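Start at 1 with the first residue, then count along the sequence. Numbering of ligands and ligand atoms starts at 1, following listing order. Nothing here was measured: the structure is a model prediction, and the numbers come from that model.
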Amino acid sequence: MRADELFDLRRRVLRADHPERSVQDPRDDEATSLHFAGLLDGRVVASASWFPSGAPINPDFVSFQLRYMAIDYDVQGRGYGTVVVETALDQLRNLGAEQVWANARDTALGFYLATGWLAIAGSEHLSPETQLPHTVIYRELMGGAPSNERSA
Ligand SMILES: CC(C)(COP(=O)(O)OP(=O)(O)OC[C@H]1O[C@@H](n2cnc3c(N)ncnc32)[C@H](O)[C@@H]1OP(=O)(O)O)[C@@H](O)C(=O)NCCC(=O)NCCS
């Protein structure tokens, strides 16, 4: 899936459908970026993009950053978010990923904590892009060494 095929869903679900707000990451078109989508009757209803990136925790781990996690309004709460993430993680593990991380919206934290991610205590911040409260989250993929950070 190309990044530009996800712009509409990113904009509607994550940028309040505002026509002028950015829905692009500078790494979107790099060969190492991975974009996952879920289609329902040909419509893109799920998106998750992953970028190789040093992580704010376990910096020695091969890590990918998740951005633009979005499920269309009318199909949220059906398990699609879980399926998109788990499908992506299977592929990322095969590529040698040891950890994933993200700046998670606090309104979505419950989703991540319910699906195996941990929050980094003290990482709460306002996103410079949206001004919404976020928390840094991560998930180890290889059963790696326990971290010293407390989980929320
Ligand atoms: C957050 C989001 C990605 C979750 O996807 P989803 O398909 O709706 O979630 P699922 O149906 O797979 O839910 C999995 C679990 O997380 C829980 N969950 C989902 N969204 C939640 C939320 N916002 N707050 C708390 N818990 C949530 C579900 O209740 C479910 O728990 P259960 O298995 O115990 O019933 C989706 O609702 C969404 O796109 N929201 C708006 C945009 C957004 O906030 N994106 C994340 C940006 S960081």
Side-chain angles (χ1 to χ4, degrees), residues 1-30 32-59 61 63-93 97-141 147 149-152:
M1 184 65 65
R2 291 193 324 268
D4 62 359
E5 297 174 272
L6 307 179
F7 288 171
D8 177 66
L9 184 67
R10 288 179 180 181
R11 185 176 306 286
R12 286 189 299 102
V13 176
L14 296 168
R15 296 293 180 270
D17 209 19
H18 198 293
E20 285 167 16
R21 291 177 63 190
S22 169
V23 289
Q24 297 187 48
D25 186 287
R27 302 163 291 181
D28 264 341
D29 295 329
E30 290 180 8
T32 51
S33 302
L34 287 108
H35 303 286
F36 286 80
L39 300 178
L40 199 61
D41 300 327
R43 173 169 65 112
V44 175
V45 296
S47 79
S49 295
W50 307 81
F51 306 97
S53 166
I57 186 168
N58 301 318
F61 285 10
S63 299
F64 281 73
Q65 179 185 5
L66 167 63
R67 289 203 72 195
Y68 301 118
M69 176 77 215
I71 305 298
D72 214 346
Y73 295 105
D74 60 327
V75 293
Q76 289 176 7
R78 293 190 190 179
Y80 293 168
T82 305
V83 169
V84 168
V85 170
E86 294 307 323
T87 302
L89 294 188
D90 281 347
Q91 192 159 327
L92 290 170
R93 279 190 195 94
E98 297 171 309
Q99 178 176 258
V100 288
W101 71 278
N103 290 302
R105 287 183 183 201
D106 285 2
T107 49
L109 256 187
F111 163 71
Y112 293 108
L113 297 179
T115 55
W117 298 64
L118 298 173
I120 299 180
S123 69
E124 301 81 4
H125 62 281
L126 289 184
S127 159
E129 218 167 306
T130 61
Q131 295 302 314
L132 295 173
H134 281 65
T135 299
V136 182
I137 57 166
Y138 70 104
R139 185 167 154 186
E140 294 178 11
L141 303 181
S147 91
E149 299 288 337
R150 284 181 296 127
S151 60

Next item on the list: Give the residue, atom name and distance (to 0.1 Å) of the protein heavy atom nearest atom 11 (O) of ligand 1.
Entry: G79 N, 2.7 Å

Note to self: Tell me the protein heavy atom at minimum distance from atom 38 (C) of ligand 1, and give that distance in Å.
What the structure shows: Q76 NE2, 3.6 Å

Next item on the list: Please assess D72 against L9 for the test side-chain contact (heavy atoms from CB on, under 4.5 Å), listing each intermediate value before the final yes or no.
Entry: CA-CA 7 Å; D72 214 346; L9 184 67; 3.7 Å; yes

Checklist line | Interfacing atoms of ligand 1 (cut-off 4.0 Å, heavy-atom, V13) | finding: 41 (C), 42 (C)

Next item on the list: Write out the residue and atom name of the closest protein heavy atom to atom 17 (C) of ligand 1, then the distance separating them to 0.1 Å.
Entry: F111 CA, 4.0 Å

Check: Cut-off 3.5 Å, side chains only: do S49 and R10 have a donor facing an acceptor?
Finding: yes

Check: What protein heavy atom is closest to atom 5 (O) of ligand 1, reported as residue, atom name and distance in Å?
Finding: I71 CG1, 3.4 Å

Checklist line | Minimal non-hydrogen separation, I57 against Q99, with atom names | finding: O-NE2, 2.9 Å

Notebook entry, point to check: Which pair of non-hydrogen atoms, one from I71 and one from A46, has the smallest distance, and what is that distance?
Noted result: CD1-CB, 3.6 Å

Next item on the list: Identify the heavy atoms of Y68 and D25 that sit nearest to each other, and give their distance.
Entry: OH-N, 3.6 Å

Checklist line | Closest non-hydrogen atom pair between A55 and S63, with its separation | finding: CB-OG, 3.6 Å

Notebook entry, point to check: Would you say G81 and ligand 1 have an N/O pair spaced under 3.5 Å apart?
Noted result: yes

Check: Is there side-chain contact between W101 and N103, with at least one heavy-atom pair below 4.5 Å?
Finding: yes

Note to self: I'd like to check atom 35 (O) of ligand 1 in this structure: does the protein have a heavy atom lying under 4.0 Å from it?
What the structure shows: no

Notebook entry, point to check: Which ligand 1 atoms are under 4.0 Å away from a heavy-atom of A70?
Noted result: 39 (O)

Notebook entry, point to check: What are the atoms of ligand 1, with element, lying closer than 4.0 Å to any heavy atom of A108?
Noted result: 1 (C), 23 (N), 44 (O), 46 (C)

Next item on the list: Begin with the C-alpha distance, continue with both residues' side-chain angles, and end with the deciding distance and a verdict on salt bridge (charged side-chain N to carboxylate O under 4.0 Å, His left out) for D90 and R93.
Entry: CA-CA 5 Å; D90 281 347; R93 279 190 195 94; 3.3 Å; yes

Checklist line | Ligand-residue contact atoms, ligand 1 with G77, heavy atoms, under 4.0 Å | finding: 6 (P), 7 (O), 8 (O), 11 (O)

Item checked: salt bridge (charged side-chain N to carboxylate O under 4.0 Å, His left out) partner of E129, chosen from R105, R67, R21 -> R67

Next item on the list: Check whether any N or O atom of R105, backbone or side chain, sits under 3.5 Å from an N or O atom of ligand 1, and answer yes or no.
Entry: no

Note to self: Heavy atoms only, cut-off 4.0 Å: how does V83 contact ligand 1, side chain, backbone, both, or neither?
What the structure shows: neither

Item checked: Protein heavy-atom partner closest to atom 22 (C) of ligand 1 - residue, atom, separation in Å -> T107 O, 3.7 Å

Next item on the list: List the closest protein heavy-atom neighbour of atom 47 (C) of ligand 1: residue, atom name, distance to the nearest 0.1 Å.
Entry: M69 O, 3.7 Å

Checklist line | Heavy-atom gap Y112 to ligand 1 smaller than 4.0 Å | finding: yes

Checklist line | Atoms in ligand 1 with a heavy atom of R78 nearer than 4.0 Å | finding: 11 (O)

Note to self: For the CG atom on D29, are there more than 12 heavy atoms of other groups (residues, nucleotides or ligands in this structure) within a distance under 6.0 Å?
What the structure shows: no

Note to self: Which heavy atom of Y138 sits nearest to which heavy atom of N58, and what is that distance?
What the structure shows: CE1-ND2, 4.2 Å

Item checked: A104 N/O under 3.5 Å from ligand 1 N/O -> no

Margin query: Which residue and atom name correspond to the protein heavy atom nearest atom 25 (C) of ligand 1, and how close is it?
Written below: G110 CA, 3.4 Å

Checklist line | Nearest neighbour in protein (non-hydrogen) for atom 14 (C) of ligand 1 | finding: T82 OG1, 3.3 Å

Margin query: Determine whether any protein heavy atom is located less than 4.0 Å from atom 30 (C) of ligand 1.
Written below: no

Notebook entry, point to check: Where do P52 and F64 come nearest, in terms of heavy atoms and distance?
Noted result: N-CD2, 3.6 Å

